[in-house]
Amino acid sequence: MKLKNATRILAATLFAVAALMAVPARAAEEYRAEVSKDSLMQKAVTWLVSDGWFVESIDSSFGFVKAKKFENSDKLLSMTTATRTEVSVIIRPAGDNASTFVVQAYITTQALKQVFAKEGLSDDQELCRKIADGIKAQK
């Protein structure tokens, strides 16, 4: 009987710890541009290419652009030797001459030559905001 109670207490404690440690995913920030969806798609692709991103895929019917950038680390003693960032820009029409869009970034790091670690969806709002501001400012 004591073993059953101890097992229940341990299970409840582990569940409580797991629930407290679970971090809810932050919703992607939505941006607005006073241009049509098609114009915003062109601006997004133009800005990403000019900023050194490799545009991997474009789907204009769905308003989707996927790009990636590979950067070597400049830290001498760091275990991380490179970072690959993949971004998705999802564009939705918000009227005839306006659009909304979100930018999501996914980070993968490379350490010790060819070992890749998937970091997951980036929580770096600064990176997403920089991309969004660059797209909005593109002429």
Side-chain angles (χ1 to χ4, degrees):
M1 188 69 153
K2 289 183 180 182
L3 185 59
K4 267 188 172 176
N5 287 339
T7 304
R8 287 182 183 162
I9 291 171
L10 180 61
T13 303
L14 289 174
F15 179 75
V17 169
L20 290 174
M21 292 180 68
V23 178
R26 185 184 294 182
E29 188 172 342
E30 188 170 85
Y31 303 95
R32 185 175 174 86
E34 299 302 321
V35 295
S36 69
K37 178 183 145 194
D38 293 335
S39 295
L40 189 57
M41 285 282 298
Q42 291 174 354
K43 289 173 74 154
V45 171
T46 301
W47 186 85
L48 288 166
V49 168
S50 69
D51 195 53
W53 293 84
F54 172 74
V55 176
E56 190 171 31
S57 64
I58 301 169
D59 189 333
S60 57
S61 63
F62 286 106
F64 178 78
V65 179
K66 182 177 179 183
K68 62 185 172 183
K69 186 184 266 189
F70 189 80
E71 297 178 19
N72 287 323
S73 175
D74 57 356
K75 297 178 184 174
L76 182 60
L77 299 175
S78 171
M79 293 293 286
T80 300
T81 59
T83 302
R84 180 177 59 214
T85 305
E86 299 177 32
V87 295
S88 296
V89 180
I90 301 114
I91 302 168
R92 295 179 199 96
D96 290 339
N97 291 319
S99 302
T100 60
F101 66 104
V102 295
V103 178
Q104 293 181 315
Y106 187 86
I107 307 293
T108 306
T109 57
Q110 178 186 23
L112 302 174
K113 301 285 181 193
Q114 294 300 317
V115 178
F116 282 95
K118 294 182 178 180
E119 303 294 330
L121 198 58
S122 175
D123 206 18
D124 186 358
Q125 291 299 318
E126 175 103 9
L127 170 66
C128 295
R129 191 168 295 118
K130 175 188 173 238
I131 294 169
D133 290 344
I135 290 170
K136 287 182 357 182
Q138 179 66 41
K139 300 289 180 200

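Along the sequence shown, residues carry numbers from 1.
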Undergrad: Supply the atom-to-atom distance I135 CD1 to M41 CE, rounded to the nearest 0.5 angstrom.
TA: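 These two atoms lie 10.0 Å from each other.
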Undergrad: Measure across W53 and I131 and return the closest heavy-atom pair with its distance rounded to 0.1 Å.
TA: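 That would be CZ2-CD1, 3.9 Å.
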Undergrad: P93 and K37: which non-hydrogen atoms are nearest, and at how many Å?
TA: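 Reported closest heavy-atom pair: CD-CD, 3.7 Å.
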Undergrad: Check for me, please, whether F54 and V89 land in the same ILVMFWY cluster - side-chain distances under 4.5 Å, paths through other members count.
TA: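 The answer is no; the residues belong to distinct hydrophobic clusters.
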Undergrad: Is there a donor-acceptor contact under 3.5 Å from the side chain of K43 to the main chain of Q138?
TA: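 Checked: pair present.
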Undergrad: Check whether any side-chain heavy atom of D51 lies under 4.5 Å from a side-chain heavy atom of K130, and answer yes or no.
TA: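 In contact.
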Undergrad: Can you give me the closest heavy-atom contact between S99 and I91, atom names plus distance?
TA: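 Nearest pair, atom of S99 first, then I91: CB-CG2, 4.1 Å.
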Undergrad: According to salt bridge (charged side-chain N to carboxylate O under 4.0 Å, His left out), who are the partners of K66, at least two apart in sequence or on a separate chain?
TA: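 Listed in chain order: E56, E86.
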Undergrad: Donor-acceptor pair, K69 side chain versus V87 backbone, under 3.5 Å?
TA: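 Pair absent, no side-chain N/O of K69 close to backbone of V87.
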Undergrad: Can you list everything that forms a side chain to side chain donor-acceptor pair (under 3.5 Å) with Q42? Sequence neighbours excluded, please.
TA: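 Q42 satisfies side chain to side chain donor-acceptor pair (under 3.5 Å) with no residue once adjacent residues are dropped.
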Undergrad: So, taking the atom named OG1 in T100 and the one named CD in E30, what distance separates them when rounded to the nearest 0.5 Å?
TA: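 Interatomic distance, T100 OG1 to E30 CD, rounded to 0.5 Å: 4.0 Å.
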Undergrad: Could R32 and E34 be called an ion pair, given the rule that one side-chain N must be under 4.0 Å from one carboxylate O?
TA: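 Looking at R32 and E34, the cut-off is met.
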Undergrad: How long is the straight-line distance from CD1 of I58 back to CG of L48, given to the nearest 0.5 Å?
TA: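 Nearest 0.5 Å value for the CG-CD1 distance: 9.0 Å.
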Undergrad: What heavy-atom pair brings Y31 and R129 nearest, and what distance separates the two atoms?
TA: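 That closest heavy-atom pairing would be OH-CA, 3.4 Å.
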Undergrad: Testing the basics here: between C128 and V103, what is the closest heavy-atom pair and its distance to 0.1 Å?
TA: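 Here C128 and V103 meet closest at SG-O, 3.4 Å.
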Undergrad: Closest heavy-atom contact between F64 and I90?
TA: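 That would be CD1-CG1, 4.0 Å.
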